[in-house]
Amino acid sequence: MNLSYHHVFQPGTDPAAPPLLLLHGTGGNEHDLVPLARQLSPGSALLSPRGDVSEHGARRFFARLAEGVFDPAEVTRRTHALADFILAASAQHRLAPGRLIAIGFSNGANIAATLLQLRPETLAGAILLRPMVVLNQPATSGSLQGKNILISSGAHDPIVPSDHQAKLAALLEAGSATVARHTALAGHNLTSVDVVSARQFISRL
Ligand code: MLT
């Protein structure tokens, strides 16, 4: 089994609540999104890996050439490695197959999006907080049928170009995902408005 990522696992207490995959942002760690996940879905099981790439000590899920500049081969390789970990960890921790919802922030949202594009079998849906287009590649036709995705962007985000929300939504909709888009009056950091929209999204799943 490929449990190569250092990770936190917390069992669920409510079998009806979907298990959550937590993917932190650059410089974060596997503990960052646990309080947010507990706010959004208190009874969910939580699987939270730590990014295995170091950018001058800041943990990430794939290396980048510069801010907003990516190497598709590197992103693809890291996406498959994370997907293999998710499948192995889900089996080990007995997470219901096909129910895992990703909650990713920034770099974590970006690799959640590439998981949906390249390895759609790993996720049932996703909450993408401040994502951008990293792989300009549409999801395979029909591969995201029945999967719900929320893209939550910041109107004044200095990192994510303003047209990326629509571009990413289109790449995911090419796979027949149902994509909800939300824009907070905020920058790259999350606000209470993001939490409210994410909670509404998850309660409707
Ligand atoms: C990335 O590199 O994934 C994005 O630029 C977001 C970030 O981590 O700053």
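The first residue in the sequence is number 1, and the count goes up from there. Read the numbers this way: they start at 1 and go in the same order the structure lists the ligands and their atoms. Note that this is a predicted model, so its numbers are computed, not measured.
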Protein heavy-atom partner closest to atom 8 (O) of ligand 1 - residue, atom, separation in Å: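 The closest one turns out to be T26 OG1, 2.5 Å.
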Just checking, any donor-acceptor pair under 3.5 angstrom between side chains of [X] and [Y]?
| X | Y | value |
| --- | --- | --- |
| H182 | S153 | no |
| S41 | S44 | yes |
| R130 | S106 | no |
| R50 | H6 | yes |

Can you tell which part of [X] has a heavy atom less than 4.0 Å from ligand 1: side chain, backbone, both or neither?
| X | answer |
| --- | --- |
| R130 | neither |
| M132 | side chain |
| N110 | side chain |

Whether Y5 and F61 hold their rings parallel, tilted or perpendicular, with breakpoints at 30° and 60°: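 Ring orientation, 0 to 90° scale: parallel.
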S48 side chain to E30 backbone, donor-acceptor under 3.5 Å: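 Between the backbone of E30 and the side chain of S48 there is a qualifying donor-acceptor contact (under 3.5 Å).
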Min heavy-atom dist F70 to ligand 1 below 4.0 Å: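 Judged by the 4.0 Å heavy-atom criterion, F70 does count as contacting ligand 1.
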S106 touching ligand 1 at heavy-atom level, < 4.0 angstrom: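 S106 counts as a contact of ligand 1 under the 4.0 Å cut-off.
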Atom indices of ligand 1, in the order listed, that fall short of 4.0 Å to a heavy atom of E67: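 Once the distances to E67 are compared, the set is 5 (O), 9 (O).
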Whichever hydrophobic residues join I127 through chains of side-chain contacts under 4.5 Å: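 In the cluster with I127 are L20, L22, L33, V34, L36, L40, L46, I101, I103, F105, L129, L150, L190, V195, F201, I202, L205.
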Closest to atom 5 (O) of ligand 1 (judged by heavy-atom distance), picking from R64, R60, E55: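 That would be R64.
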Heteroatom distance test (H188, ligand 1): nitrogen or oxygen, under 3.5 angstrom: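 No, there is no polar N/O contact under 3.5 Å.
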